[in-house]
Protein chains: 2
Amino acid sequence: MVERSRSRRPTIIDVAERAGVSKSTAARALAGSSNITDETRERVVKAAAAVGYERNHLAVGMRSGRSGMLGLVIPDIANPFWAEVARGAQDRAARAGASLLVFSSDWDPEAEATHLRTLRRARVDGAIVNPVSDSFDDLDRFGMPCVFIGSSAERYPDISSVGSDITQAVRLGLDHLMSKGHVAPALILGPKSRLARARFLRAVHEHFVERDLDPGVLAVEDGEYTVEGGREAMRRLLAQPRVGHLAVFAANDMMALGAMMAVRDAGLDCPRDVSILGFDGIPSGEFAWPGLTTIAKPGRDIGERAVEGLFDEIEHRPEHRRIYMPCRLLERGSLADLSVAAPQRIAGAGRN
Amino acid sequence: MVERSRSRRPTIIDVAERAGVSKSTAARALAGSSNITDETRERVVKAAAAVGYERNHLAVGMRSGRSGMLGLVIPDIANPFWAEVARGAQDRAARAGASLLVFSSDWDPEAEATHLRTLRRARVDGAIVNPVSDSFDDLDRFGMPCVFIGSSAERYPDISSVGSDITQAVRLGLDHLMSKGHVAPALILGPKSRLARARFLRAVHEHFVERDLDPGVLAVEDGEYTVEGGREAMRRLLAQPRVGHLAVFAANDMMALGAMMAVRDAGLDCPRDVSILGFDGIPSGEFAWPGLTTIAKPGRDIGERAVEGLFDEIEHRPEHRRIYMPCRLLERGSLADLSVAAPQRIAGAGRN
DNA sequence: CTGAAAGCGCTAACAA
DNA sequence: TTGTTAGCGCTTTCAG
């Protein structure tokens, strides 16, 4: 059993005294230095265990200039995607013996600034940030090694970043839609101000152009990245005249779920009347009825890689400064298979 | 604009030199001490801004013995309930100028121990923990001010805790079920080893006894606190002979969602054939079809109160050491209303 | 192989 | 009101 004085946490001096050596010897023994008699080392280790010694990382940080802590600033830890990212980051950091200070910015630039200041004062070794604004130039505000998460990072070539491969994701989605016979899906996208929207749209266009199809025919509706945003966008889509089955590719699972609600509101059935493809891979999609078919972002991997990138940054190893993680298809039940039910449709659509 | 030497972060000495005072004067000025000429203070503040000074919290922590950091050890930050708790804790901590080190234990005692050790080494001022095990006696392993979250805390009168008020929650659920004409709901509960299960069951019994009903008639199935656990439990429930409508009260939303799947698997309809009431209030329940009616735990509030309790603990203010947060009903669509459709059922059931 | 001493940045006690 | 000094716990020279 460990003796634990109620009053004070044992320091290395307590260990040294108990082992009958100087504190520098004790430190060396505990650090696993080579210039130590095996016998001395053993005595020190035993003494440390006996007094319940635990190295004070604050003190270590002061001396070494490395606190062993990393910061994470994301929009909202209660959002399932960001929670996944946080989990990945946390696991990777813990594996390296580092700890993670987590903050939510709520997409508020002031909150972000406050949190970054707190991180700097805490002397974290670096920070992983999903920057609130797409259009800041005051990069000074970071003032520490940083890795960005998300598409806004694109504009800052000096800062390394990790994100999902939107191009690949969009292709995956579009190919899957086509394989099911949906050649001209409507798009439900985020607000025009968001860089991610432009990236998504660009990928769609490229994909169409490569196949000699005209992206101009695609219906597009915008909305906030929320359930309500998706619901309204779908409402507008359903109000438009159309023939036959409607397929929708939403830029975000929440919007896709909202779209699904709008379909139900309109007395229609998904996937019979309307097919919906999402993007994110949040767990809620699994329990929706029908299950939401979606392109899943590897949130956990993104978090892990961000931490790895941050370590590279901290150690001045400027390796791969721009990482795009591949997404994968999660097939559930929200897409009708027109290629089986009505093969003539495909041919017809192809001719357009 | 701030001058920022690329090499070294400015210390209080840089500020002092620039202001032409000693470092203690600079410190006093920055701390807002009273024994300072307004003129001096202003000079110091200006100098601090000019060099871009930011107080080193590691150093402050060393001197003061207070690191300004709190630890949070929960089963899984990627679980929506715990993410809510984390969010509440984080917000409350930030409001007090503290930061939060977040760790996930995955219900693994070893991982928990490792994380607690890390927190102790980081010299956090205290920790909020959802203890993995219900049956530990080595309370020493904490070795710092602690607040527990969850029911296992009940066994440790010396440690303050915050949790949801299961008794109130169960009453709320049972009353609601009864108001809809479901007098003898089947129960889907967690593993027998969990203290929370016993608490839940006890509350059900009390409620029944108070109303002169016999709790012995209630069917009970156990399972893991997962979707699959709930699905299997519901499968077993459906295999039992029964007359008329089946109502189920699940101890956890994931299980409730799994139960809903099992109902679908059996070719039955919720809520027409089976009514399901959940417990937790996770967002997925909103998108399920039908929407899951559930008793929502105030995750965010729990996190906030835990931090407040931890501050009390740290400052040796042993106020309210046991806090139970009230839950609320989230009515969605998973409960049939038998009281309207078939009032004779209620009378019949009441006679049993 | 081991010990003594310096210093990371800060604040508080003591002096002036 | 301000300056000087000590020391929080640790690691790392530099001597021995």
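Chain letters run A, B, ... following the sequence lines, proteins first and then strands; every chain starts at 1.
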message: Can you see if the side chain of B:T11 gets near the phosphate of C:dG9 - specifically, an N or O under 4.0 Å from OP1 or OP2?
response: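 The answer is no; no side-chain N or O of B:T11 sits under 4.0 Å from OP1 or OP2.
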
When you measure from the side chain of [X] to the backbone of [Y], do you find a donor-acceptor pair of N or O atoms at a distance under 3.5 Å?
X	Y	value
A:N130	A:I149	yes
A:D106	A:D108	no
A:R121	B:E54	no

Nearest listed nucleotide, side chain of [X], among [options]:
X	options	value
B:K23	D:dT5, C:dC1, D:dC10	D:dT5
A:I12	D:dT12, D:dT2, D:dT11	D:dT11
A:R63	D:dC10, C:dC10, C:dT2	D:dC10
A:T25	D:dT12, D:dG3, C:dG3	C:dG3
B:I36	C:dA6, C:dG3, D:dT2	D:dT2
B:T37	C:dA4, C:dA12, D:dT2	D:dT2
B:M62	C:dG3, D:dT11, D:dC8	D:dC8

message: By nearest heavy atom, map B:E39 and B:R123 onto DNA chain D; which one lands nearer the 5' end?
response: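 Per heavy-atom nearest nucleotide, the more 5' residue is B:E39.
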
- request: Could you check A:L58 against A:R28 and say which one's nearest nucleotide on DNA chain D is further toward the 5' end?
  value: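 The 5'-side residue here is A:L58.
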
field: Side chain B:T40 and base D:dT1 donor-acceptor under 3.5 Å
entry: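 Flag unset: no donor-acceptor pair detected.
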
message: Categorize A:S24 for me: base, sugar-phosphate, or nothing, with a 4.0 angstrom heavy-atom threshold over every strand shown.
response: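 Counting heavy atoms under 4.0 Å across all strands, the contact made by A:S24 includes a base.
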
message: Students often get this wrong, so: under 4.0 angstrom with heavy atoms, is B:N56 touching a base, only sugar-phosphate, or nothing?
response: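 The answer is sugar-phosphate, as B:N56 gets under 4.0 Å only of primed atoms, P, OP1 or OP2.
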
